[in-house]
Amino acid sequence: MTSKVKVRFPPSPTGFLHIGGARTALYNWLFARHNNGEFILRIEDTDQQRSTEEATQVILDSLTWLGLDWDEGPYHQSERLEIYSEHVEKLLKEGKAFHVDDPEKGRAVRFKLTGELTNFDDLVHGNINSDTSLIEDFVIQKADGFPTYNFACVVDDGVMGITHVIRGDDHLSNTPRQVAIYKALGFELPKFAHIPMILGEDGSRMSKRHGATSVTEYRENGYLPDALVNFIALLGWSPGHDQELLTRQEMTEKFTLKRVNKTSARFDYTKLDWMNGKYIQDLPVEDLVSKLRPYMKGANLDNGVFTDEWLYKLVELYKERFRTLPEFVTLASPFFTDEIEYEDAAVQKHLKKSNPSLIKDAYNKLKEVNDFSSITELEDCLRSITTEHSVGFGKLAQPIRVAIIGKSASAGIFETLELLGKEKTLKRLEYTINTFL
RNA sequence: GGCCCCAUCGUCUAGCCUGGCCUAGGACACCGGGUUUUCAUCCCGGCAACAGGGGUUCAAAUCCCCUUGGGGUCACCA
């Protein structure tokens with residue numbers, strides 16, 4: 001049997017897209033692409049109280065941002081009520097389901113379990129057996145006429161011809177119920193693949209206290225979609241070799257369910273930061289700058305007194321020094337604003353204890369440099385001072401750095417001077433001489 | 001609690017299916033060293049794991065059982 005692979009991602013629109021859900025979507029997408037199959041999006045909005053239109057939009061946006069495109073859908077279960085009702089009727093007629101009345105909730109339909117042993121094959125766990133006589137007859141149609149999850153999900157997967165159900169292993173214990181419905185309805189069983197869950201850093205279920213849990217937050221916090229995708233792909237799957245930085249193309253080529261783990265993974269924020277930094281380094285400056293702009297705007301660093309060329313240079317210089325987009329803003333703000341924060345430790349170490357005449361010399365000589373865009377001219381200027389005073393270059397570079405940036409770390413000192421420009425440099429040196437020396 | 005799933009460095013993992021090539025490999029983090037005007041990058045090196053106990057076998061991280069630990073699930077939520 002070589003029917004075309006067909007998978008689906010079925011979020012319920014009751015909130016944002018959780019990072020775990022994102023990975024489930026990613027694995028489905030990867031599996032579909034690897035097999036030249038189809039990836040279907042289905043909104044499971046059968047909970048009339050909790051489902052919202054906004055949540056649906058947020059989830060769609062998140063998937064799009066991650067670059068996970070779907071081939072069909074999004075279908076909405078709330079628009080497919082007739083289909084479920086037909087199947088409920090069928091079961092009712094065949095005596096496989098029955099009505100139950102609740103004085104408060106109204107009239108619902110329960111599925112009648114026959115109490116047999118079911119087993120199903122799981123592509124990541126192997127064969128799983130269970131005894132449905134241990135399970136209660138469960139509701140498949142609520143009093144409001146909407147189907148319940150376990151029922152709608154099976155009907156849709158059956159009707160849509162889903163070949164592989166790839167989902168979190170929190171659904172493992174639901175599967176026997178669903179298998180029973182597949183059988184009662186006469187649907188062919190799909191292949192199941194229950195992937196391990198993503199836990200918080202301490203091994204417990206991932207929640208807000210662990211840090212960001214939604215794709216939206218990662219986006220806002222300055223992570224790149226490619227980095228996030230690469231990172232979560234590796235949480236439970238490995239390509240089988242030592243390479244960790246993988247393009248979508250490479251992931252698609254390598255992805256198989258066979259290489260998916262059984263063990264739940266903890267979310268390591270530190271490693272994600274490292275990976276994001278890698279992706280930032282590899283991004284062409286133009287792309288990086290356009291991603292940076294919203295953050296600059298948010299911090300009021302977009303006052304427009306600089307040219308694109310200047311900004312490109314600055315970003316290029318700092319590219320290897322930040323791991324998330326907003327970090328750039330923190331590092332580079334002294335270039336945009338005159339309200340510099342002088343770090344206490346840096347001032348103490350490099351200004352208070354330095355030789356005042358060194359900085360005064362620098363001020364006077366830098367004043368004579370006409371062309372701040374000439375690195376060689378700047379270098380000649382500063383080198384001549386350290387030569388005169390017979391000190392190592394660091395003795396001069398560090399105080400200047402702190403004087404003009406406020407921190408003991410920045411890009412190269414000449415490039416920093418160049419990008420800051422003569423006027424600001426002299427102003428800040430003057431301020432330093434008057435204030436700290 | 002019943003049922004189900006899982007168990008390799010602190011973390012993500014390779015190896016397990018098809019025992020021997022494993023004195024267990026890689027990455028992040030951490031600690032040293034090198035390069036550099038600082039930081040970062042980059043390069044080199046180091047630390048660090050088969051949960052415990054029984055089997056099976058000439059041989060077990062790999063197969064079996066038990067214990068322990070972790071997770072999931074038991075809704076007219078999905």
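Worth knowing before you read on, the calculation uses all heavy atoms, side chains too, and leaves out hydrogens, waters and symmetry mates. In what follows, chains carry the letters A, B, and so on, assigned in the order in which the sequence lines appear, proteins first and then strands, with residues in each chain numbered from 1.
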Pairing residues for R401(A) by the salt bridge (Lys or Arg N to Asp or Glu O under 4.0 Å) criterion, not counting sequence neighbours: none

Positions of residues 51-59 of chain A (non-hydrogen atom under 4.0 Å from RNA chain B), listed by number: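 Contacting residues: none.
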
Nucleic acid contacts of residues 99-131 of chain A, taken as heavy-atom distances under 4.0 Å to RNA chain B: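 Within residues 99-131 of chain A, the residues near RNA chain B are D102(A), K105(A), G106(A), A108(A), R110(A), H125(A).
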
When the distance from [atom1] of [X] to [atom2] of [N] is rounded to whole Å, what number comes out?
X	N	atom1	atom2	value
F146(A)	rA78(B)	CZ	C1'	14 Å
H18(A)	rA78(B)	NE2	C1'	14 Å
E201(A)	rU11(B)	CD	P	11 Å
I385(A)	rU37(B)	CD1	P	17 Å
F138(A)	rC74(B)	CZ	P	12 Å
K271(A)	rU11(B)	NZ	C1'	8 Å
M206(A)	rU11(B)	CE	P	16 Å
H194(A)	rC5(B)	NE2	C1'	11 Å

N174(A) (side chain) and rA78(B) (base): donor-acceptor pair under 3.5 Å: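 In this structure, the two groups form a donor-acceptor pair.
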
Only one of [options] passes side chain to side chain contact (heavy atoms under 4.5 Å, CB included) with [X]; say which it is.
X	options	value
H194(A)	D169(A), D170(A), V124(A)	D169(A)
L325(A)	L288(A), N276(A), N221(A)	L288(A)
L351(A)	V402(A), I433(A), I400(A), T435(A)	V402(A)

Please tell me which of the listed nucleotides, [options], lies nearest to the side chain of [X]?
X	options	answer
S204(A)	rC12(B), rC77(B), rG71(B)	rG71(B)
T148(A)	rU18(B), rG26(B), rC76(B)	rC76(B)
L134(A)	rU73(B), rC12(B), rC3(B)	rC3(B)

Salt bridge (Lys or Arg N to Asp or Glu O under 4.0 Å) contacts touching residues 52-62 of chain A (sequence neighbours left out):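 Not a single pair qualifies under salt bridge (Lys or Arg N to Asp or Glu O under 4.0 Å).
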
Most 5' of S173(A) and F393(A) on RNA chain B, judged by nearest nucleotide: F393(A)

I'd like a table of donor-acceptor pairs (distance under 3.5 Å, sequence neighbours excluded) in which one partner is a side-chain atom from residues 358-365 of chain A, with atom names and distances.
{"from": "D361(A)", "atom 1": "OD2", "to": "H389(A)", "atom 2": "NE2", "distance (Å)": "2.8"}
{"from": "N364(A)", "atom 1": "ND2", "to": "K360(A)", "atom 2": "O", "distance (Å)": "3.2"}
{"from": "K365(A)", "atom 1": "NZ", "to": "E388(A)", "atom 2": "OE2", "distance (Å)": "2.7"}

Please measure how far the [atom1] atom in [N] lies from the corresponding atom in [M], and state the result in whole Å.
N	M	atom1	answer
rU8(B)	rC44(B)	C1'	27 Å
rU62(B)	rU57(B)	C1'	13 Å
rA59(B)	rG20(B)	C1'	6 Å
rC63(B)	rC16(B)	P	10 Å
rC77(B)	rG72(B)	C1'	16 Å

Taking the six-membered ring where the residue is Trp, are the ring centres of [X] and [Y] under 6.0 Å apart?
X	Y	answer
F267(A)	H210(A)	no
Y149(A)	H171(A)	yes
Y27(A)	F255(A)	yes

Under the side-chain hydrogen bond (donor to acceptor under 3.5 Å, both in side chains) rule, collect the residues that match up with [X], sequence neighbours excluded.
X	result
D47(A)	R50(A)
E286(A)	none
S78(A)	D45(A)
K278(A)	none

Which atom of K6(A) lies closest to which atom of I40(A), heavy atoms considered: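 Reported closest heavy-atom pair: CE-CD1, 3.5 Å.
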
Sugar-phosphate only, base, or nothing, as touched by [X] at under 4.0 Å among non-hydrogen atoms:
X	result
M197(A)	sugar-phosphate
T14(A)	nothing
E44(A)	sugar-phosphate
K258(A)	base
H171(A)	base

Geometric cation-pi criterion R8(A) and F39(A), 6.0 Å radius, 45° cone: no

Check: protein-nucleotides 13-16 of chain B nitrogen or oxygen pairs below 3.5 Å:
{"from": "rU13(B)", "atom 1": "OP1", "to": "G236(A)", "atom 2": "N", "distance (Å)": "2.6"}
{"from": "rU13(B)", "atom 1": "OP1", "to": "N261(A)", "atom 2": "OD1", "distance (Å)": "3.4"}
{"from": "rA14(B)", "atom 1": "OP2", "to": "N261(A)", "atom 2": "ND2", "distance (Å)": "3.3"}
{"from": "rA14(B)", "atom 1": "O3'", "to": "R259(A)", "atom 2": "NH2", "distance (Å)": "3.1"}
{"from": "rG15(B)", "atom 1": "OP1", "to": "R259(A)", "atom 2": "NH1", "distance (Å)": "3.1"}
{"from": "rG15(B)", "atom 1": "OP1", "to": "R259(A)", "atom 2": "NH2", "distance (Å)": "3.0"}

rC39(B) - base-pair partner by Watson-Crick or wobble geometry, distances under 3.5 Å: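 The base-pairing partner of rC39(B), which may sit in any strand shown, does not exist here.
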
Base-pairing assignment for rC3(B) (Watson-Crick or G-U wobble, both under 3.5 Å):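 The answer is rG72(B), by the H-bond criterion.
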
Criterion side-chain hydrogen bond (donor to acceptor under 3.5 Å, both in side chains) against Y75(A), the qualifying member of Q77(A), E79(A), E72(A): E72(A)

Annotated protein contacts, base or backbone, on nucleotides 38-43 of chain B with a non-hydrogen cut-off under 4.0 Å, one of B, S, - each: BBSSS-

Output a table of nitrogen or oxygen pairs between the protein and nucleotides 65-69 of chain B separated by less than 3.5 Å.
none

Heavy atoms of other groups near E116(A) CD, more than 12 under 6.0 Å: yes

Over 12 foreign heavy atoms within 6.0 Å of NZ, K254(A): no

Side-chain N or O of K142(A) closer than 4.0 Å to phosphate OP1/OP2 of rA75(B):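 No.
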
R50(A) side-chain N/O to rA78(B) phosphate OP1/OP2 under 4.0 Å: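 For R50(A), the contact criterion (side-chain N or O under 4.0 Å from OP1 or OP2 of rA78(B)) is not met.
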
N-O pairing of R323(A) and E327(A) below 4.0 Å: no

